[in-house]
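Because the structure is predicted, anything quoted here is derived from the model rather than measured.
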Amino acid sequence: MRSQNELSQEFSELRLSVNSAITMIQSSEQRNVESMDEIKQTLKRIEQVLNSVGKASEKVEYTLRGKFDIETARSIWLFGYNLYRRGYYLDAAEILRNLLDQLSDDVYFKDDVHYYMALSYYSAGNSDEAKKSFESFLEKYPESVYVVHARNFLNRIE
């Protein structure tokens with residue numbers, strides 16, 4: 001059996017470990033809150049720009065330069081997807097085309113980027129680019145969940 005002093009010492013060490021873990025969790029939560037605030041501010045600025053541009057405006061040129069980490073790439077993908085969903089089809093296609101050129105083949109959402117780029121061209125009424133993009137998509141991603149949809153849109157174009 002352990003003595004009272006040994007148990008007391010172990011309990012004190014355990015309490016320090018728990019307090020240390022709580023401090024780490026609180027610090028992590030604070031960093032997450034700060035990160036979320038940054039993201040919200042950026043999204044507000046993007047929203048302001050989108051609202052000021054308007055759907056009938058000329059196509060905005062987007063260029064991505066250099067390599068970036070997977071989280072940044074995923075954020076750009078979601079930005080392009082949201083442009084598509086809001087009806088900014090040419091802007092979405094441009095963002096997604098630039099992103100597609102930057103992504104390596106092993107990125108898990110590359111088929112999503114390619115499909116929505118093609119769909120953006122289709123939705124914008126650019127049948128030539130949509131057709132090329134859907135054909136390229138079907139060739140590169142024959143196992144994608146979007147294959148049936150891509151074939152359907154391709155048949156509508158032809």
Side-chain angles (χ1 to χ4, degrees), residues 18 20-158:
V18 168
S20 175
I22 290 171
T23 301
M24 287 174 45
I25 290 169
Q26 289 171 336
S27 174
S28 174
E29 287 173 351
Q30 180 61 34
R31 284 192 305 272
N32 288 342
V33 167
E34 290 167 0
S35 294
M36 285 305 294
D37 287 343
E38 254 182 71
I39 290 169
K40 286 177 184 177
Q41 289 173 356
T42 301
L43 289 174
K44 282 181 185 176
R45 286 194 301 269
I46 290 169
E47 179 100 19
Q48 289 169 346
V49 169
L50 289 177
N51 288 334
S52 69
V53 170
K55 291 182 182 179
S57 69
E58 291 182 26
K59 184 173 113 179
V60 177
E61 292 292 325
Y62 298 98
T63 305
L64 306 173
R65 290 179 176 32
K67 295 293 179 190
F68 33 81
D69 62 58
I70 193 72
E71 288 305 313
T72 303
R74 189 170 183 282
S75 295
I76 295 168
W77 142 238
L78 291 173
F79 176 62
Y81 173 74
N82 282 315
L83 285 171
Y84 163 78
R85 287 184 42 119
R86 294 193 58 188
Y88 298 97
Y89 303 124
L90 290 177
D91 293 334
E94 186 73 19
I95 287 280
L96 297 172
R97 176 173 295 287
N98 277 295
L99 179 59
L100 192 63
D101 292 342
Q102 298 289 325
L103 295 176
S104 61
D105 289 336
D106 63 339
V107 173
Y108 69 94
F109 55 88
K110 192 169 183 178
D111 67 322
D112 300 279
V113 173
H114 199 142
Y115 173 76
Y116 277 96
M117 178 191 71
L119 190 56
S120 294
Y121 283 126
Y122 177 85
S123 298
N126 189 338
S127 297
D128 293 337
E129 281 300 317
K131 181 178 180 187
K132 284 191 277 187
S133 297
F134 280 126
E135 288 172 344
S136 172
F137 171 82
L138 290 170
E139 182 181 313
K140 291 180 181 177
Y141 309 103
E143 302 297 319
S144 173
V145 296
Y146 301 114
V147 165
V148 171
H149 303 293
R151 284 193 183 116
N152 183 28
F153 285 111
L154 198 53
N155 287 336
R156 288 183 189 181
I157 294 169
E158 296 172 344

Problem - Leu96 to Gly80 - nearest heavy-atom pair and separation - result: CD2-CA, 4.0 Å
Practice task
Could you tell me whether the side chain of Arg151 reaches within less than 4.5 Å of the side chain of Val147, counting heavy atoms only?
Solution key: yes
Practice task
Say whether Arg85 and Tyr116, considering side chains only, have a donor N or O and an acceptor N or O under 3.5 Å apart.
Solution key: no
Handout entry: Polar side-chain atom of Asn152 near backbone of Val148 as donor-acceptor pair, under 3.5 Å
Key = no
Practice task
Would you give the length of the straight line joining atom CG of Leu100 to atom NZ of Lys140, rounded to the nearest 0.5 angstrom?
Solution key: 6.0 Å
Exercise for the section: Locate the shortest heavy-atom distance separating Ala150 from Leu138; write the atom from each residue and the value. Expected result: CB-CD2, 3.8 Å
Problem - pair Ser144-Phe137: side-chain heavy atoms closer than 4.5 Å - result: yes
Fill in the blank from the handout: Tightest non-hydrogen contact, residues Tyr89 and Ala124, listed as CB-CB, 3.6 Å
Practice task
Give, for atom CG of Leu99 and atom CZ of Arg74, the distance between the pair rounded to the nearest 0.5 Å.
Solution key: 12.0 Å
Exercise for the section: Using modelled atom types only, decide if a donor and an acceptor are shared between the side chain of Ser136 and the backbone of Lys132 within a distance under 3.5 Å. Expected result: no
Practice task
Among Tyr81, Tyr146, Trp77, find the one that has a side chain to side chain donor-acceptor pair (under 3.5 Å) with Asp112.
Solution key: Tyr146
Handout entry: Heavy-atom pair of closest approach, residues Ala93 and Met117
Key = O-CG, 3.8 Å
Handout entry: Any Phe134 side-chain heavy atom under 4.5 Å of Tyr122 side chain
Key = yes
Completion exercise
CZ (Phe109) and CG (Asp111) are apart, to the nearest 0.5 Å, by 10.0 Å
Problem - Donor-acceptor contact present, side-chain Lys110 to main-chain Leu103, <3.5 Å - result: yes
Practice task
Could you tell me which non-hydrogen atom of Leu83 sits nearest to which non-hydrogen atom of Ala92, and how far apart they are?
Solution key: CB-CB, 3.8 Å
Problem - pair Tyr121-Arg97: side-chain heavy atoms closer than 4.5 Å - result: yes
Handout entry: Student check: side-chain heavy atoms of Ser75 and Leu78 closer than 4.5 Å
Key = no
